[in-house]
Amino acid sequence: MKAFVTSALSAALQQLVESGTLSQVPASLELDRPKQASHGDLASNVALLLAKEARCKPRELAERIVAALPESSHIARCEVAGPGFINFFLRPEAFQEVVRRVYAEGERFGAHDFGQGETLHLEFVSANPTGPLHVGHGRGAAYGASLANILRFCGYRVFCEYYVNDAGRQMDILAASVYLRYLESAGHPLPWPYPSNAYRGDYLLPIAEALRRELGDRLLPAAAHLPDLGRFADPDEAMDALIQQLKTDLGADYAPLHRAGLETILADIRADLAEFGVHYDGWYSERSLMDSGAITRAVEALTAAGHTYVRDGALWFRSTAYGDDKDRVLRRDNGAYTYFASDVAYHADKFARGFHRLVDMWGADHHGYVARVRASLQAMGLDEAALEILLVQFAILYRGEEKVSMSTRAGEFVTLRQLRAEVGNDAARFFYVLRRADQHLDFDLELAKQRSEENPVYYIQYAHARVYSLFRQAEEQGLSTPQEQVPELAPLQDARELALADLLWRFPEVVGISARAREPHQIAFYLKELAAAFHTYYNATRILVEESAIRHARLALVRAVARTIANGLTLLGVSAPERM
RNA sequence: GCGCCCAUAGCUCAACCGGAUAGAGCAACGGCCUUCUAAGCCGUAGGUUGCAGGUUCGAUUCCUGCUGGGCGCGCCA
């Protein structure tokens, strides 16, 4: 719809360029939708922006632009208002046209091609595989998957990846935790209370039992040499001693122990995400970076370029040279690489694999890592600007008034799986993206359960189902309905009908904004607005009227509404049911 | 102390990358089912956009400072 006005406007400006009033036509002409109906259907501030260059008053320039506007079959009239706005009033045809557009484009209505087939690497969730996903991870999953859909809809080729932290100390702690549960399941009492810094969630019990079915009591003898954890003042040192002892005692059997936890939990995470409609193109293993020597190579590359130094036996990266607060350790004095070192290698590897546009979605608690990762890319001579980091704020869980503690270690958390079972995938997906990513999300379980039927997602789905109901109803009453062909749309003249059509025009605009700003919530808010406009129209206007020309036009309009709702819900990973 | 994010109606949040009189939902109050799904609609009420400056024709939006909150600041992941 904006295109109708933009073309007329640029023609007028071109004329002013030729007459010497202006030096050139601006590259982009923006049109606003005035909040007030008296300000027209679309408004341009171009005269305000160009007044200085034209050396005349904004209103005067606006008058000249209006005078130069060519005749248009879509523009009824326009007027200059306020400080120099040009307000356009459109003919009904301009609004009706959108129905034809929706019919023609169908599932592609709202799509763009500004991505131009560019490949974009999107990393999200990447939670440590030390336990099931909880409701906090769900937000990243819903946000990332929705954003991937939206970007694909705008012409990008999106490669979704999950970075699996399957190496390092956390995995050893997991292995040790599995072992302790293994002992318990064999009826073997622990010589001390279950360590506070071991993982203690119930999800470890079946893993331990499966391990016992697989290996029998083979791992039991090692229990005779468990270190006396009581003599350690620091629980971390105690845990390290336990891990070391297990590695020594179990020898080749440590690997299956290590693997048992990882594989079972990772399989659960994958299944959980798949059921949630979140699909990945790749699962990238941190261990593979280690095994392939990629980490060593990345660190050597930094060293060769003169960006590292040794202090206190550790190898440091001089990230302060690129704006970081302090330098960062790459390799500890004990020879082990830090998590940061593998992150450096991982990001370098993304470039090496041919990705030139990277989007990382991190939990907001990782914001301190932004500077150091960017610094490492710059130091390696990679295009740091190609990396975009989106920080997603916490989802804070409440049970009524009470805040629910969320410790993976302690096993006190509500899993994503539980949440999905309670409120359903559709409501969960929608609820998660209903808020801007940089806002904290208060997720009240009581409210979600108790009012699941009042969730806005039902309001939108209901609008969609109502349209299908209309077509079913028409069939039952023996009334004809418009089929594949778009019927004559001239009967759509009512203000509500034109307002509804205007909203449909906005869908492609919202999709574009949402993609560029990486803000899926824009789609969610738009859908609520569209559903509201539809319900209003539905209540005010009888659609299945006797006169077939009017009936057909109205049915075509509401069918376009249903199509648009379905397209929007699909982007958010929410279903669009035909009956409720 | 330093850094990142946030502050808008009683509550939870929007506001089309600077536009004209800042909008929804929930909560409160009052209406609408003998006709297409009441999981719906209509109406009333609710605001000095945290505070103080600056840039601009024009600021919730951009800049500076302050206040208040969240998070981070380890040779943890």
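Residue numbering restarts at 1 for every chain, and letters A, B, ... go by the order of the sequence lines.
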ring-ring contact (aromatic ring centres under 6.0 Å, His included) test vs Tyr163(A) passes for just one of Tyr346(A), Trp283(A), Tyr339(A), namely Tyr346(A)
Please give the distance between the [atom1] atoms of [N] and [M] as a whole number of Å.
N: G50(B); M: C6(B); atom1: C1'; result: 12 Å
N: U34(B); M: A27(B); atom1: P; result: 25 Å
N: G30(B); M: A20(B); atom1: P; result: 36 Å
N: U48(B); M: U60(B); atom1: P; result: 14 Å
N: U56(B); M: C62(B); atom1: C1'; result: 10 Å

Which part of the nucleic acid, if any, lies within contact of [X], taking any heavy atom under 4.0 Å across all strands shown: a base, the sugar-phosphate backbone alone, or nothing?
X: Ile543(A); answer: base
X: His39(A); answer: base
X: Arg516(A); answer: nothing
X: Gln461(A); answer: nothing

Is there a side-chain contact between Lys35(A) and the phosphate of A20(B), meaning an N or O under 4.0 Å from OP1 or OP2?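 Answer yes for this pair, as a side-chain N or O of Lys35(A) is under 4.0 Å from OP1 or OP2.
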- [ ] Please confirm whether Arg518(A) makes a cation-pi placement over Tyr143(A), using NZ or CZ under 6.0 Å from the six-membered ring centre and within 45° of the ring normal.
- [x] no
task = Would you kindly check if the NZ (Lys) or CZ (Arg) of Arg466(A) is within the cone defined by 45 degrees around the ring axis of Tyr538(A) and under 6.0 Å from the six-membered ring centre?
result = yes
Judged by whether its glycosidic angle lies within 90° of 0, C33(B) is syn
**Asked** Where the side chain of Gln522(A) is concerned, which of A15(B), C6(B), C75(B) is the nearest nucleotide?
**Response**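 Out of A15(B), C6(B), C75(B), the nucleotide with an atom closest to Gln522(A)'s side chain is A15(B).
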Consecutive-pair stems (at least three Watson-Crick or G-U pairs, under 3.5 Å) that include RNA chain B: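 The stems that RNA chain B takes part in, listed by first number, are B:1-7 with B:67-73, B:10-13 with B:23-26, B:28-32 with B:40-44, B:50-54 with B:62-66.
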